[in-house]
Amino acid sequence: ILPSEYVAFADDYAKEEEQGSNNVWIMKPIGMSRGRGIEIVTDINHVTYGATVVIQRYIENPFLIEGYKFDLRLYIVATSFSPLEAFLYTRGFARFASIRYTLDPKTLHNKYMHLTNTAIQSESPCLPNIFSDQGGCKIGLPELAQRLEKLNVAWDPLWQRIEDVVLKALCCTEDAIEHCEGAFELFGFDVMVDSDLRPWIIEVNASPSLEIDNPLDMDVKTSLVRDIFKLVDPPAFNRSELAQVLDERIAEYHKKSSRSVSSQSASKKEQLNRDINRILGGHVPRAYGEIPSNMGYFERLAPSPNYPKYSKLKRV
């Protein structure tokens, strides 16, 4: 992150120079979306910024399909942090660039070759016939799996590695995100697969776009929203009981009971449980770790057999 980690970046840049590598980096402003402000740089003297930016090593050897670069847009719902509970949606997208990939320095500023953001590629003057009529520059994950199988790339082992890297990222950040009971968050993970079939997380988006631009969007994103509500299963509540409970508690607050602090604390907890029971009509919300009754196309990432292992490694 620049400027706060500029010295660390400069050290890594110098090491790459000494090794004689291409030394290609990609710089992204924080708080931006739709590919705006992204630059590819090869000269440290060209690293300029007027606000905080993230700079990463550019993945020079992406896996290509018919010569075109692509990444994956995956959707993750986190229902708890510390402890972590998260679910990965199995119906994301593969997003393609529209010009065949090369690392020729003359092409590094060609956004239609090097950036896969949908907003950028939708403006491309040339859409090759590898794209679908349904999704423009995107295809669904099932179609991607079929295309990879034709290239002798087994989908299931690759998907397991993708699950693994997403889970590691969530484990690394769980302590930094405050636990909020009864809440959930949708994240958009952008993952790129290199020529060695190793997945890399290139970006994580809060509040990913759910805009509908084509039939594939309509299919995947409406299904996603529907399955999120199935997954979190928000309990129905009695509005009349809620209003009555609030009136009763406000009245009690103004009376300022003279009971001792300890007994008052205990009675408050008991009263809260009774109030919740009244409002929810006796329905008990799902507890952490319980398998949701309906996950749709979601699969659970955590808790899982690998979750304790990565949490332990993080704390070593």
Side-chain angles (χ1 to χ4, degrees), residues 1-3 5-73 93-132 135-139 144 147-148 151 153 189-205 213:
I1 298 176
L2 306 181
E5 297 176 326
Y6 182 84
V7 173
F9 159 65
D11 288 343
D12 286 340
Y13 182 91
K15 290 176 184 177
E16 295 294 332
E17 281 289 290
E18 291 174 0
Q19 294 172 6
S21 66
N22 288 320
N23 221 353
V24 184
W25 299 75
I26 186 165
M27 189 165 59
K28 307 175 183 180
I30 66 168
M32 299 286 279
S33 61
R34 305 172 70 86
R36 292 173 294 180
I38 297 178
E39 296 181 45
I40 297 175
V41 294
T42 57
D43 187 337
I44 195 170
N45 295 314
H46 295 161
V47 177
T48 59
Y49 43 86
T52 304
V53 298
V54 173
I55 191 161
Q56 305 165 271
R57 278 299 311 228
Y58 185 69
I59 298 174
E60 301 177 20
N61 61 326
F63 188 91
L64 306 177
I65 294 182
E66 296 187 33
Y68 295 94
K69 175 182 177 179
F70 67 94
D71 73 358
L72 308 181
R73 164 52 64 90
F93 301 102
R95 309 181 303 179
F96 283 80
S98 56
I99 297 179
R100 283 189 168 89
Y101 178 80
T102 173
L103 203 59
D104 186 331
K106 297 178 181 179
T107 71
L108 290 179
H109 297 293
N110 189 327
K111 60 184 180 179
Y112 301 120
M113 176 185 295
H114 292 282
L115 304 181
T116 56
N117 305 70
T118 302
I120 288 175
Q121 294 301 331
S122 63
E123 301 171 353
S124 175
C126 50
L127 292 178
N129 58 13
I130 68 163
F131 296 157
S132 67
C137 61
K138 298 182 294 191
I139 62 175
L144 175 65
R147 294 191 183 196
L148 290 176
L151 297 173
V153 176
F189 274 61
D190 295 340
V191 176
M192 185 165 290
V193 179
D194 67 19
S195 57
D196 297 319
L197 300 179
R198 180 179 180 180
W200 298 84
I201 293 178
I202 57 175
E203 192 169 304
V204 178
N205 300 271
D213 291 324

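Here, residue 1 is the first one in the sequence, and each next residue gets the next number.
What you find for I202 and V191 is that their closest heavy atoms are CG1-N, 4.4 Å. Closest approach of Y112 to E123, counting heavy atoms only: OH-O, 3.6 Å. The minimum heavy-atom distance linking T107 with M113 is given by the pair OG1-SD, 3.5 Å. Here the closest heavy-atom approach between residue Q121 and residue L115 is recorded as NE2-O, 2.5 Å. The minimum heavy-atom distance between N22 and E60, with the atom names listed, is ND2-OE1, 2.9 Å. Between L108 and H114, the shortest heavy-atom contact is CA-NE2, 3.7 Å.
Of the inter-residue distances, the one linking Y58 atom OH with T42 atom OG1 reads 12.0 Å to the nearest 0.5 angstrom. The CG atom of D190 sits 5.0 Å away from atom CG of N205, with the distance rounded to the nearest 0.5 Å. Separation of atoms CD (E203) and CD1 (I38) is listed at 6.0 Å; rounding is to 0.5 Å. Considering CG of D11 and CD of E5, their distance stands at 12.0 Å, rounded to 0.5 Å. Rounded to the nearest 0.5 Å, atoms OG1 (T118) and CZ (F93) are 8.0 Å apart. A distance of 10.0 Å separates CZ of F63 from CG of D194, quoted to the nearest 0.5 Å.
Side chain to side chain, Q56 and K28 meet the donor-acceptor criterion of an N or O pair below 3.5 Å. The closest side-chain donor-acceptor pair between D71 and T116 falls under 3.5 angstrom.
Using a 4.5 Å heavy-atom cutoff, the side chains of R95 and I139 are not in contact. Counting only heavy atoms from C-beta outward, the side chains of W25 and I40 never approach each other to under 4.5 Å. Between I55 and I26, every side-chain heavy-atom pair lies at or beyond the 4.5 Å cut-off. Counting heavy atoms from C-beta on, the side chains of V47 and F9 come closer than 4.5 Å.
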Check step by step if side chain to side chain contact (heavy atoms under 4.5 Å, CB included) holds for V41 and V24.
CA-CA 6 Å; V41 294; V24 184; over 6 Å; no
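In this structure, D104 contributes its side chain and K106 its backbone to a donor-acceptor pair below 3.5 Å.
Judged by the 6.0 Å and 45° rule, K69 forms no cation-pi pair with Y101.
Between Y68 and F96, the ring center distance fails the sub-6.0 Å criterion.
The number of heavy atoms from other shown groups lying within 6.0 Å of CZ (R57) is above 12. The 12-atom threshold is exceeded at CD1 of I44, counting heavy atoms of other residues, nucleotides or ligands nearer than 6.0 Å.
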